[in-house]
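The next block holds one structure in the form of structure tokens; read it before the comments.
Just so it is clear, the values below take in all heavy atoms, side chains as well, and ignore hydrogens, waters and symmetry mates. Chain identifiers are assigned alphabetically (A, B, ...) following the order of the sequence lines, protein sequences preceding nucleic acid strands; residue numbering begins at 1 within each chain.
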Amino acid sequence: MAKNKDKVVNGFNHRSPGDNVVQVILYIITGLAALICVLPFLYVLASSFATEKEILERSFFIIPKTFSSNAYTYIMKDGSVFRGLKNSVIVTVVGTAINMFVSCTMAYPLSRKYLKGRNFFMNMVIVIMLFGGGMVPSYLLITQLLKLRNTFWALWLPGAMSAFNMIIIKNYFSGIPDELEEAAIIDGANDLYTFVKIMLPLSGPVLAAVSLFYAVGHWNGYFGAMMYIQDANKEVVQIVLRRVIMQSSNLPDQAIDWGVWGQPPTKAVRNATTVVATVPILVVYPFIQKYFTAGVMVGSVKG
Amino acid sequence: MSNLAAATLEKPVAVKKKKTGNTWGKALRQHYWLYIMLLPGVVWMLIFCYLPMGGLVMAFENFNPYSGAGGLINALLASEKVGFKNFRNLFMGTDFLMLLRNTLAISFANLLVAFPAPIIFALILNELRCMWFKRVSQTFVYIPHFVSLVIVYALTVQLFNSQDGFIIKMIESVVGAGKAPNVMGSPKYFVPLILGQNLWKETGYGTIIYLSALASVDPQLYEAAKIDGAGRWNLMWHVTLPGIKGTVVIMLIMKVGALLNTGYEQIFLLRNSMNAKVAEVFDTYVYLKGVSNGQYSMATTAGLFKSVVSLVMVLGANKCAKLLGESGLY
């Protein structure tokens, strides 16, 4: 809250009429921006309860006249979006665990100034930030050499570490006072013990932020899954959503009772699938927002 | 606390211990755990980053996955070496100019509009006096950053598709049915669509870094300038903007360095048969040629060209920043 006080000092305490007009305009711009960011979600939510007929025939509307949950019944029976959610959870949880293991174990040694060969390993990391083999060699490596096609390993291993995130953790470890490590060494601790029992517990905020960077990356990624996973049972939710949207004009007829509306609600299904795919991230958003904001700050500190 | 005191007392000893570990044998004996910890990351980098760099030889050969005694490595070694022929074909081909034009059109649109947008928005947020309003707005404008590009695409379709898009229907209710532009399916709306998605998704979140830079501007500078009679615009021009110049330059370097990296995830979603001629950029070309069509050598050549140009640009931009007196990235 001390920060807010500073902002008031930064601001303008004298108020002229012209100044107030400017303020009002700024409030309107900000308010509009906030609305533009959330309205599309609300529209899709509302229209996912509309009937197919209303979506196609009525001119623009936000609140549907006839409330119908047919679209949700359809996607429940179809089940692919929920299977996609389950797969996405697996990909995200295991993927983030792998990311954090590789990043932290790499970051700790690199944060020790006395580590012999530190510059060599650090340069190895900087090179991969600046240059890479590109998509085709990686694709051949994963599909032909490692044969990871249609396994989640194809989503976990290629991005097992982000050099950028690893450096964020490394910088945080470097900032922890040396005295703590030296005290542990005097007490007879080895480097592993120091890392697990002293460094990791002291790095809570940065580990939370970086885990979230990784987790959101896994959850939102679709391109890896599109390239490497063709098995329908292993589709992640983003792929299901993409497929549903692309097919929304010609869903196959299926023997499902559509009730009084009599036709497959393809547009409504598209909207309902979007809602189901969006809800998880919006539900966790309030809890992760502050870690993300903190993470951007940590990341902006150069090392 | 006593541990801490002891540590401070023992510090010279500890330092001495480290200095004596100056041979590899000693370093490995003393800090074997540190080297074991390095292993996963280093092995991963060797396999997933450095090994693919070896695959770049495909750009200099007519790569055939079935040549040689079997296996990818043998095929790489056995394929016909053609020198720079692939590069000549790339630069002389009709695709190259189209790729360059499309890539630069998207990049420059982003650079000119999507880059300054969060700076301007941060300046606006910084001027707001009502703290709860500011906090609530910030919470809302950060949301789009967290949703996936597929969801952004889904929302775009639901707002702009010509059959039942909300905004299209709204326009039609004014101009008449069937008269609204086909936004999703015509080349001239492709770049604006990409730009719009970027603005919507990243402007809010992009303000965080500038807001933190703004918060670190010394309040005394504002006080001093106000005493000197500076008004709102003078303060912004002479205090606020110089205060965040360093951050802006760093962000600009990163943007310029990534000028050819339009990314493929977003473009690949919005691209369709109707707007393909403006939607083909280096990144999608590499995917379509290499992964979908199996023209590995041509795709690798295009990818390598892009990587090298990007590398030169990021190093060049960094150099420029240093010449201008900013600290740069490295």
Side-chain angles (χ1 to χ4, degrees), chain A residues 4 6 9-11 26 29-30 33-34 37-38 40 43-44 55-56 59-60 102 105-106 108-109 114-116 124 128 130-131 133-141 144-145 158 160-161 179 182-183 186 190-192 216 220 222-223 227 238 241-242 245 267 274 278 281 285 293 296-297 300, chain B residues 3-4 6-8 10 14 18 24 27 31 33-34 37-38 40-41 44-45 48-49 51-53 55-56 72 124 127-129 131 137 140-141 143-144 146-148 150-151 154-155 157-159 164 166 169-170 173 204 208-209 212 215 219 222 265 286-287 290-291 296 299-300 303 307 311:
Chain A
N4 288 344
D6 287 346
V9 177
N10 281 356
L26 297 183
I29 294 174
T30 312
C37 287
V38 290
Y43 165 68
V44 172
I55 294 178
L56 285 173
S59 67
F60 71 99
V102 179
T105 51
M106 185 90 196
Y108 180 61
Y114 52 78
L115 181 83
K116 197 162 167 57
M124 248 182 115
I128 69 161
L130 291 173
F131 192 75
M135 185 192 279
V136 178
S138 307
Y139 176 77
L140 290 176
L141 170 74
Q144 299 204 5
L145 213 56
M161 188 182 91
E179 283 77 10
E182 281 155 12
I186 287 156
N190 61 23
D191 289 321
L192 181 67
V216 170
N220 285 345
Y222 84 92
F223 215 81
M227 275 202 287
Q238 311 295 343
L241 177 60
R242 174 173 175 271
I245 297 163
K267 307 289 180 191
T274 310
T278 313
I281 202 98
Y285 169 69
T293 319
V296 173
M297 305 303 179
S300 65
Chain B
N3 266 355
L4 214 64
T8 343
E10 297 288 338
K18 278 167 207 157
W24 273 102
H31 294 295
W33 271 117
L34 293 184
M37 277 190 241
L38 275 175
W44 174 80
M45 283 198 286
F48 287 95
C49 302
L51 196 59
M53 288 187 204
L56 288 172
L72 188 63
I124 291 175
E127 296 285 310
L128 298 183
R129 292 194 201 97
M131 282 305 145
S137 307
F140 282 176
V141 298
I143 291 177
F146 294 89
V147 302
S148 72
V150 182
I151 289 172
L155 297 176
V157 167
Q158 279 151 55
L159 293 177
D164 65 304
F166 177 76
K169 278 194 173 175
M170 210 153 81
S173 73
I208 295 178
I209 194 140
S212 82
Y222 287 99
E265 300 211 333
V286 171
Y287 173 78
V291 177
Y296 300 118
T300 309
S307 302
L311 178 66

| field | Residues forming a side chain to side chain donor-acceptor pair (under 3.5 Å) with A:T274, sequence neighbours excluded | value | B:Q158
| field | From CG (A:D191) to CH2 (B:W33), nearest 0.5 Å | value | 10.0 Å
| Can you tell me how far CE of B:M37 sits from CG of A:L115, rounded to the nearest 0.5 angstrom? | 10.0 Å
Under 4.5 Å, counting heavy-atom pairs only, tell me which of [options] racks up the most with chain B.
{"options": "A:V216, A:V38, A:T30, A:L145", "value": "A:T30"}
{"options": "A:G134, A:A34, A:A33", "value": "A:A34"}
{"options": "A:V102, A:L140, A:I29", "value": "A:L140"}
{"options": "A:M124, A:R242, A:M106", "value": "A:M124"}

Which answer fits [X], side chain, backbone, both or neither, if we ask what part of it has an atom under 4.5 Å from a heavy atom of chain B?
{"X": "A:Y139", "answer": "side chain"}
{"X": "A:V44", "answer": "both"}
{"X": "A:Q144", "answer": "side chain"}
{"X": "A:Y285", "answer": "side chain"}
{"X": "A:I281", "answer": "side chain"}

[X] portion near chain A, given a 4.5 angstrom heavy-atom threshold:
{"X": "B:L159", "result": "side chain"}
{"X": "B:L51", "result": "side chain"}
{"X": "B:M170", "result": "both"}

| request: Side-chain contact test, heavy atoms from C-beta onward, threshold under 4.5 Å: evaluate it for A:C37 versus B:I143 and give yes or no. | output: no
| With chain A, which of B:G204, B:P52, B:P40, B:G55 has the greatest number of heavy-atom pairs at distances under 4.5 Å? |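 Looking at each option in turn, the highest pair count goes to B:P52.
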Looking at every non-hydrogen atom in both residues, tell me the closest pair between [X] and [Y] and how far apart they are.
{"X": "B:V150", "Y": "A:I245", "result": "O-CD1, 4.4 Å"}
{"X": "B:W44", "Y": "A:M161", "result": "CH2-O, 3.1 Å"}
{"X": "B:A27", "Y": "A:K116", "result": "CB-CB, 3.8 Å"}
{"X": "A:F223", "Y": "B:E265", "result": "CB-OE2, 3.2 Å"}
{"X": "B:A299", "Y": "A:V136", "result": "CB-CG2, 3.5 Å"}

| Aromatic rings A:Y43 and B:F166: how do their planes relate, parallel, tilted or perpendicular, breaks at 30° and 60°? |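 The arrangement is tilted - the two ring planes meet at 30° to 60°.
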| query | CZ of B:F146: more than 12 outside heavy atoms within 6.0 angstrom? | reply |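 Check passes, neighbour count above 12.
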